[in-house]
Student: 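Once you've had a glance at the structure underneath, I'll fire off some questions.
Note that the structure is predicted; figures quoted are calculated from it, not measured. Excluded from the calculations below are hydrogen atoms, water molecules and symmetry mates; all remaining heavy atoms, backbone and side chain alike, are included. Both counts, for ligands and for their atoms, begin at 1 and track the order of listing.
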Amino acid sequence: MAALLELKNVTKVYTRGVLSRASTTALNDVSLTLAENEPTIVTVAGESGSGKTTLAMLLLGFIAPSAGQILYQGQDISRLGGAARMAFRREVQAVFQDPFAVFNPFYTVDHLLTVPIKKFKLATSAKQARERMEEALTAVGLRPEDILGRFPHQLSGGQRQRINVARALVLKPKLLVADEPVSMVDASLRANILETLRGLQKNHGVSIIYITHDLTTAFHIAKSIIVLYRGSVMEAGDVDAVIKHPQHPYTRLLIDSIPWPDLNRRWGETEIKAKEMEQSAQGSGCKFLSRCPFAMNQCVTPAPLFRMSEHQAASCYLYEQYPQVHSDQLTELLPV
Ligand code: SF4
């Protein structure tokens with residue numbers, strides 16, 4: 001059976017300026033496979049500029065890779081046409097950061113949910129459309145009778161973001177690309193929405209690519225994680241192993257900047273230090289070279305992934321005693 005989604009050595013390069021042709025590699029040689037019969041949640045984590053949003057745009061087919069291929073059920077998404085293209089558009093859905101962006105203040109929630117149903121001709125009657133809306137709202141933990149008929153200003157931020165998820169869900173997607181879905185929601189509601197997303201994977205068989213800069217939420221939602229830095233995979237594997245025992249110096253820096261409850265540590269202290277250290281590293285070596293306290297001569301050449309356990313590998317010469325993993329084998333590191 002063909003995989004649900006497959007990234008094959010995907011690279012995205014942005015070029016600026018007609019004369020200078022300056023270019024930035026936003027994503028470098030990423031391969032990843034999501035199985036159709038094993039719905040899973042994979043976190044893609046990194047700071048801004050890590051390439052995680054570029055990855056989301058590529059997965060959704062909004063932009064094309066500069067090299068490599070993205071296959072949906074065995075077909076290159078750039079060549080999908082007719083019914084196959086409609087199926088991809090319906091089955092791969094996005095949930096974005098801003099729960100306000102999709103709402104038009106003049107329309108009720110019903111309108112927002114009816115538009116995709118009509119567009120993809122998913123109901124033959126108003127009754128069937130209503131049932132589909134109610135089903136989606138219930139799946140995200142909302143009571144349809146509390147929500148339908150309401151205007152956006154009558155809803156809380158948490159309700160809006162869940163409606164956003166429900167809007168994707170009316171289409172019965174197979175894959176959700178959730179780009180920072182809880183970053184604009186109150187902390188008290190985050191766990192709730194993350195739990196809703198987990199429920200979609202467990203009870204509705206939806207795979208989720210969860211994109212975030214926030215490793216604490218990654219820990220709560222996903223089984224596996226890919227840590228990106230400046231477009232390259234720094235570390236990948238089981239979320240528990242990577243967050244509790246980070247190996248790559250960059251992952252360690254990210255974990256150190258999480259404000260775990262500690263009265264002796266000032267919030268943002270490590271982050272500020274990291275920002276001060278940041279320089280734009282030129283050249284072709286390890287992307288983390290300019291920030292790395294362990295840098296050595298060989299780091300002028302990018303490190304491959306070294307696998308220190310079944311479900312953990314880091315792209316760093318500190319671990320060169322371990323077997324190398326080719327970038328094509330990234331998926332093998334990720335538990336389902
Ligand atoms: Fe640091 Fe070198 Fe490892 Fe890169 S490869 S993270 S520069 S030690």
Student: So, C286 and atom 2 (Fe) of ligand 1: N/O/S under 2.8 Å, yes or no?
Tutor: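 So C286 does not count as coordinating atom 2 (Fe) of ligand 1.
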
Student: Check whether any side-chain heavy atom of V177 lies under 4.5 Å from a side-chain heavy atom of I211, and answer yes or no.
Tutor: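 Yes - at least one pair of side-chain heavy atoms lies under 4.5 Å apart.
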
Student: Can we say K52 and E180 salt-bridge, meaning some charged N sits less than 4.0 Å from an Asp/Glu carboxylate O?
Tutor: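 The answer is yes: the pair qualifies as a salt bridge.
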
Student: Heavy-atom contact check, 4.0 Å cutoff: does H248 meet ligand 1?
Tutor: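 Distance cut 4.0 Å: H248 passes for ligand 1.
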
Student: Measure the distance from atom 2 (Fe) of ligand 1 to every protein heavy atom, then report the residue, atom name and distance (to 0.1 Å) of the closest one.
Tutor: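 Answer, as residue, atom name and distance: C299 SG, 2.3 Å.
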
Student: Taking only heavy atoms of P249, which atoms of ligand 1 are found under 4.0 Å from at least one of them?
Tutor: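 Atoms satisfying the 4.0 Å criterion: 6 (S).
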
Student: Identify the protein heavy atom lying closest to atom 3 (Fe) of ligand 1, giving its residue, its atom name and the separation to 0.1 Å.
Tutor: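 The answer is C316 SG, 2.3 Å.
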
Student: To check your reading of the model: name the closest protein heavy atom to atom 5 (S) of ligand 1, its residue, and the distance in Å.
Tutor: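 The protein heavy atom lying closest is Y317 N, 3.6 Å.
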
Student: Under 4.5 Å between any side-chain heavy atoms of F288 and L253, yes or no?
Tutor: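 They are in contact (side-chain heavy atoms under 4.5 Å apart), so the answer is yes.
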
Student: Is C292 close enough to atom 3 (Fe) of ligand 1 to have an N, O or S atom under 2.8 Å?
Tutor: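 Not a single backbone or side-chain N, O or S atom of C292 is under 2.8 Å from atom 3 (Fe) of ligand 1.
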
Student: I'd like to know if R291 and E47 make a salt bridge, using a cut-off of under 4.0 Å between side-chain N and carboxylate O.
Tutor: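 Yes, charged N to carboxylate O under 4.0 Å.
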
Student: Pick one: which of E235, H248, H245 meets side chain to side chain donor-acceptor pair (under 3.5 Å) with Q312?
Tutor: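 With Q312 as partner, side chain to side chain donor-acceptor pair (under 3.5 Å) holds for just one option, E235.
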
Student: State, yes or no, whether a side-chain contact exists between L113 and L137 at a heavy-atom distance under 4.5 Å.
Tutor: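 Yes. Closest side-chain heavy atoms under 4.5 Å.
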
